[in-house]
Enquirer: 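Let me begin by handing over the structure; questions about it come next.
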Amino acid sequence: MNNIDALKQELVETVKAANDIAALEDVRVTALGKKGKVTDMMKTLGSLAPEERKKIGQALNLLKDEISAEIDARAATLKKAALAERLHNEKMDVTLGPRPFPQGALHPITRTMEELAAIFADFGFSVAEGPEIEDDFHNFTALNFPAGHPARQMHDTFYLPDAAGEEGAEQAPADQKRLLRTHTSTVQVHVMQNRKPPIRVIIPGRTYRSDYDQTHTPMFHQLEGLMIDKTAHMGHLKGCLTELCKRFFEVDNLPTRFRPSFFPFTEPSAEMDIGCSRGKGELKIGEGSDWLEILGCGMVHPNVLKNCGIDAEEYQGFAFGMGVERMAMLKYGIPDLRTFFESDLRWLKHYGFGPQETF
Ligand code: PHE
């Protein structure tokens, strides 16, 4: 019996001395495992007299239970301490203030669209948006591109596979063929179908054409404008766009000119140029000997009004569309279009804008 007491004493000490869960596991094995000290003593029971065996056996079982309980209690204490330590070490101060230096920047495209929207807001235009995946009707037919019209070819359209591509499926009607919009003029159609004039909207957004070189990327941005009421005429169009360019390029006496052009959805159609000079390889916007093409525009074709459910006898209006990248390149002197979409952080740090920079 003395042996058992001594063993108990010894084991309780070692349990207390275990300073982490791994050490405590070792103690459990040394005490209660198959080759452990208590088990060893159990093995000697066979050689004892029956009375003695019973007494010692009971005492050993009791010891086993007691040591087990000691170990469990110690384990609970150690786990609690370990958790408290982790919580302390991984503590995070959510009240930490803002970083001392601003991180990140607005892409020149975002900034340019915001600048243009702010100017048009002063003219009473609101912003409209529409889907990038369109059908042939909204991209072409409604805009007065008849089937087989050569202007369709000029758009290098990305067509999407439709159900007709699957075996046994019926060919989709030509008007429903899905595509990535090649211009934001699609949204003119949605707006006219869904709103009653007077209409005054601008439509910024992504557009897609299968083209890639120094001045073309397969995805680019346009900003479209549409104005419909009973009296809008070419003079309003010219005044509105001239004022826009003066404000956007921050040049008060900016010469502008409108050259006749062709778009199926406007009649008459024009391209607008702004004055510039090119000296020592540097382009300067303003009075000068040169012209820069800046956007396409015109009076909305009566067929387009009719296709979109607007009475062409009663209403008329103008539309225009410009490339956002081109506007940004000209204003901020960015030489290569492709760099806009290379996600080079150094480029963005150089040409990007802090959110706090106002315009
Ligand atoms: N949608 C034309 C283009 O992508 C631009 C435009 C819009 C021209 C509206 C006239 C009127 O080239």
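Both counts, for ligands and for their atoms, begin at 1 and track the order of listing. Hydrogens, waters and symmetry mates play no part in the numbers below; they use all other heavy atoms, side chains included.
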Enquirer: List the protein residues in contact with ligand 1, where contact means a heavy-atom separation under 4.0 angstrom.
Expert: H183, S185, Q188, R209, Q222, E224, F263, F265, T266, G296, C297, A319, F320, G321

Enquirer: With sequence neighbours left out, which residue pairs that include part of residues 110-129 fulfil the side chain to side chain donor-acceptor pair (under 3.5 Å) condition?
Expert: R111-E115, E115-K331, E115-Y332, D122-R247

Enquirer: How many angstroms lie between atom NE2 of H107 and atom CG of L348, to the nearest 0.5 angstrom?
Expert: 6.0 Å

Enquirer: Which is it for L60 and K64 under the side chain to side chain contact (heavy atoms under 4.5 Å, CB included) test, yes or no, and what are the steps along the way?
Expert: CA-CA 6 Å; L60 281 175; K64 225 171 141 176; over 6 Å; no

Enquirer: Which atom pairs, one a donor and one an acceptor, fall under 3.5 Å between side chains of residues 284-299 and the rest of the protein, sequence neighbours left out?
Expert:
{"residue": "E287", "atom": "OE1", "partner": "N253", "partner atom": "ND2", "Å": "2.7"}
{"residue": "D290", "atom": "OD2", "partner": "R278", "partner atom": "NE", "Å": "3.0"}

Enquirer: Side chains of residues 10-24: which donor-acceptor partners sit under 3.5 Å, not counting sequence neighbours?
Expert:
{"residue": "E10", "atom": "OE2", "partner": "K37", "partner atom": "NZ", "Å": "2.6"}
{"residue": "T14", "atom": "OG1", "partner": "E10", "partner atom": "O", "Å": "3.4"}
{"residue": "T14", "atom": "OG1", "partner": "L11", "partner atom": "O", "Å": "2.7"}
{"residue": "D20", "atom": "OD1", "partner": "A22", "partner atom": "N", "Å": "3.2"}
{"residue": "D20", "atom": "OD1", "partner": "A23", "partner atom": "N", "Å": "2.8"}

Enquirer: Check for me whether the distance between the ring centres of F318 and F258 falls short of 6.0 Å.
Expert: no

